[in-house]
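Reviewing the structure listed below.
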Amino acid sequence: MPENITLLGATGSIGQSTLDIIRKHSYRFRLFALTANRNVRGAEAAVREFSPRYCAMADSEAAGKLADVLGNCETEILSGEDELCALASDDRADTVVSAIVGAAALKPTVAAVKAGKRVALANKESLVMAGDIVNAEAQKSGAQIIPVDSEHSAVFSCLYGRETRYVSKLVLTASGGPFRTLGSDEFDSIMPEDALKHPTWDMGAKITIDSATMFNKALEIIEAHHLFGLDYDDIEAVVHPQSIVHALVYFEDESVLAQMSLPDMRLPIQLALTWPSRIESPCKPLNLADAGNLTFEPVDNERFPSIATGIEAGRKGSLATTALNAANEVAVNLFLNRDIQFTTMFRIVSQVVKETPIGPASDLEEVFETDRRARELASRLI
């Protein structure tokens with residue numbers, strides 16, 4: 001029998017890549033349920049092709065529009081956060097892919113973890129905001145969290161069968177984004193359309209802007225801390241423009257393991273769905289001779305202070321990392337709407353982190369209250 005997959009965030013870039021994996025291995029996977037926020041057209045296409053048992057939209061208006069365009073359809077159309085969380089924890093689902101962008105993924109991800117699911121985690125914000133809470137719930141329920149971010153998937157592969165007590169350092173690679181060689185004196189003239197031109201990855205707008213500011217790497221370092229249990233002193237980033245090496249794991253005996261592949265998110269998605277098996281994928285094979293020189297550079301923390309801000313927040317605790325994520329989401333939206341300059345994003349997030357108390361969040365209510373306050377503060381700072 002095929003495994004039942006619930007896909008949270010089916011219409012984004014990760015969601016579409018996940019559907020491609022399900023399409024490729026239809027003998028092995030069945031799309032049991034999907035969520036699509038308010039993207040009626042994208043939800044309609046997925047429902048018509050995969051005939052899931054359920055489809056959840058963000059609200060009743062979007063659900064009504066979808067029901068109208070689908071007409072007489074066997075897929076049950078649901079709406080609202082409660083229904084979304086119910087789908088994430090449904091007993092009939094074998095694996096839940098958490099691919100919703102931003103803080104909106106936290107509640108359904110926690111619901112899936114509490115239900116003891118295998119969670120293919122493509123939403124880094126869930127761990128950035130509430131990593132301690134998510135890990136505690138996973139220990140109670142026996143849920144298996146498998147990372148989908150290319151860098152964390154790479155670390156996950158390198159660590160398989162090895163004890164983390166022998167690890168001396170994790171290195172996550174970064175492409176450097178579109179402004180890797182741009183002088184800091186030109187940063188204030190950067191426009192949203194410039195920042196949306198990523199040199200190697202095809203991603204959604206929010207993640208692409210995060211790559212341009214390197215806040216994505218700050219979030220990934222926090223995520224790695226929660227996934228693999230290493231101190232912030234033992235996790236770092238290095239710029240690797242070719243995006244072939246996705247992470248490196250250094251061991252105490254000075255040996256280094258690295259995972260390499262062409263940049264294609266379908267590979268870590270498939271790995272999360274099939275682990276520990278490795279089966280044929282739709283990805284192109286890596287030919288090192290064709291790839292040419294692989295280069296590595298240190299992160300320029302003066303031009304990109306985001307990583308230092310992220311580590312500062314991580315050391316302060318989950319209240320600060322929640323605030324970091326919230327402020328960054330606000331700043332990205334302001335930049336995309338042309339309300340602030342590129343460099344203002346760094347200043348907003350840094351100031352919000354500085355004004356956030358030290359310490360962990362006691363529960364999800366405190367996480368969401370911290371998120372709310374950070375968004376208000378970030379909006380006032382402009």
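Given the structure is predicted, the values throughout are model-derived calculations rather than measurements.
For Lys107, the salt bridge (Lys or Arg N to Asp or Glu O under 4.0 Å) test picks out Glu81, with sequence neighbours left out. Taking the side chain to side chain donor-acceptor pair (under 3.5 Å) definition, one finds that Arg338 meets it with Glu193, sequence neighbours left out. In this structure Arg303 satisfies the salt bridge (Lys or Arg N to Asp or Glu O under 4.0 Å) test together with Asp300, sequence neighbours excluded. Taking the salt bridge (Lys or Arg N to Asp or Glu O under 4.0 Å) definition, one finds that Arg162 meets it with nothing, sequence neighbours left out.
In this structure, the side chains of Asp234 and Leu170 stay at 4.5 Å or more apart for every pair of heavy atoms. When side chains are defined from C-beta on, Val239 counts as touching Arg180, because their heavy atoms get closer than 4.5 Å. Side-chain contact between Leu8 and Thr6 is present, with heavy atoms from C-beta onward closer than 4.5 Å. In this structure, the side chains of Met345 and Val332 come closer than 4.5 Å at one or more pairs of heavy atoms.
We find that Lys124 and Asp149 are joined by a salt bridge, their nearest charged nitrogen and carboxylate oxygen being less than 4.0 Å apart. Ion pair Lys65/Asp68 not flagged as a salt bridge, since none of the NZ, NE, NH1 or NH2 atoms sits closer than 4.0 Å to an Asp/Glu carboxylate oxygen. A salt bridge is absent between Arg38 and Glu61; no separation between the charged side-chain nitrogens and carboxylate oxygens falls under 4.0 Å. Between Arg23 and Glu49 a salt bridge is recorded (basic side-chain N to carboxylate O distance below 4.0 Å).
Side-chain contact annotation: Ser157 with Arg278, donor-acceptor N/O pair under 3.5 Å present. Checking Ser175 against His240 by side-chain atom types alone, no donor-acceptor pair falls below 3.5 Å. At a cut-off of 3.5 Å, with distance as the only test, no side-chain donor of Ser98 or Asn123 sits close to an acceptor on the other residue. A side-chain donor from one of His25 and Gln270 sits under 3.5 Å from a side-chain acceptor of the other. A donor-acceptor contact closer than 3.5 angstrom links the side chains of Glu329 and Asn325.
Without hydrogens or angle criteria, Thr309 side chain to Pro305 main chain gives a donor-acceptor distance under 3.5 Å. Looking at Asp90, its side chain does come within 3.5 Å of a backbone N or O of Arg92 through a donor-acceptor pair. For Ser89 (side chain) and Cys85 (main-chain N/O), a donor-acceptor pair under 3.5 Å exists by modelled atom type. Distance alone, capped at 3.5 Å, places no donor-acceptor pair between the Lys206 side chain and the Gly102 backbone. Between the side chain of Thr173 and the backbone N or O of Val238, no donor-acceptor pair lies under 3.5 Å. At distances below 3.5 Å, at least one donor-acceptor pair connects side-chain atoms of Asn337 with backbone N or O atoms of Asn333. With hydrogens and angles disregarded, no donor-acceptor distance shorter than 3.5 Å links the side chain of Ser350 to the backbone of Arg347. In this structure, the side chain of Thr321 does not engage the main chain of Gly314 through any donor-acceptor pair within 3.5 Å. A donor-acceptor pair under 3.5 Å links the side-chain atoms of Gln16 to the main chain of Ala10, judged by distance alone. A donor-acceptor pair under 3.5 Å links the side-chain atoms of Thr370 to the main chain of Glu366, judged by distance alone.
The number of heavy-atom neighbours closer than 6.0 Å to CD of Glu74, taken from other residues, nucleotides and ligands shown, is 12 or below. Under a cut-off of 6.0 angstrom, the local environment of CZ in Arg373 is sparse, with at most 12 non-hydrogen atoms contributed by other residues, nucleotides or ligands. The environment of Arg372 atom CZ is dense: over 12 non-hydrogen atoms of other residues, nucleotides or ligands sit within 6.0 angstrom. Within a 6.0 Å radius of NZ in Lys24, more than 12 heavy atoms belonging to other residues, nucleotides or ligands are found.
For the pairing with Glu223, the side chain to side chain contact (heavy atoms under 4.5 Å, CB included) check across Leu219, Ile221, Leu227 returns one residue only, Leu227. For the side chain to side chain contact (heavy atoms under 4.5 Å, CB included) with Leu121, the lone residue among Val148, Thr109, Val97, Ile146 that qualifies is Thr109.
Using cut-offs of 30° and 60° on the angle between ring planes, the pair Phe228 and His152 is parallel.
Here Phe179 and Phe342 bring their ring centres to under 6.0 angstrom of each other.
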Just list the side-chain donor-acceptor pairs under 3.5 Å for residues 283-295, sequence neighbours left out, or say none.
{"unit_1": "Asn287", "atom_1": "OD1", "unit_2": "Ala289", "atom_2": "N", "d": "2.9"}
{"unit_1": "Asn287", "atom_1": "OD1", "unit_2": "Asp290", "atom_2": "N", "d": "3.1"}
{"unit_1": "Thr295", "atom_1": "OG1", "unit_2": "Gln242", "atom_2": "OE1", "d": "3.4"}
{"unit_1": "Thr295", "atom_1": "OG1", "unit_2": "Gln242", "atom_2": "NE2", "d": "3.0"}

Which side-chain N or O atoms in residues 127-139 pair as donor and acceptor under 3.5 Å with protein atoms at least two apart or in another chain?
{"unit_1": "Asn135", "atom_1": "ND2", "unit_2": "Gly131", "atom_2": "O", "d": "3.3"}
{"unit_1": "Asn135", "atom_1": "ND2", "unit_2": "His226", "atom_2": "O", "d": "3.0"}

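Distance CD1/Ile222 to CD1/Ile307: 10.5 Å, rounded to 0.5 Å.
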Would Phe50 and Phe32 count as a ring pair (Phe, Tyr, Trp, His ring centres under 6.0 Å) if you check the C-alpha gap in whole Å, the side-chain angles of each, and the deciding distance to 0.1 Å? CA-CA 9 Å; Phe50 294 94; Phe32 171 71; over 10 Å; no

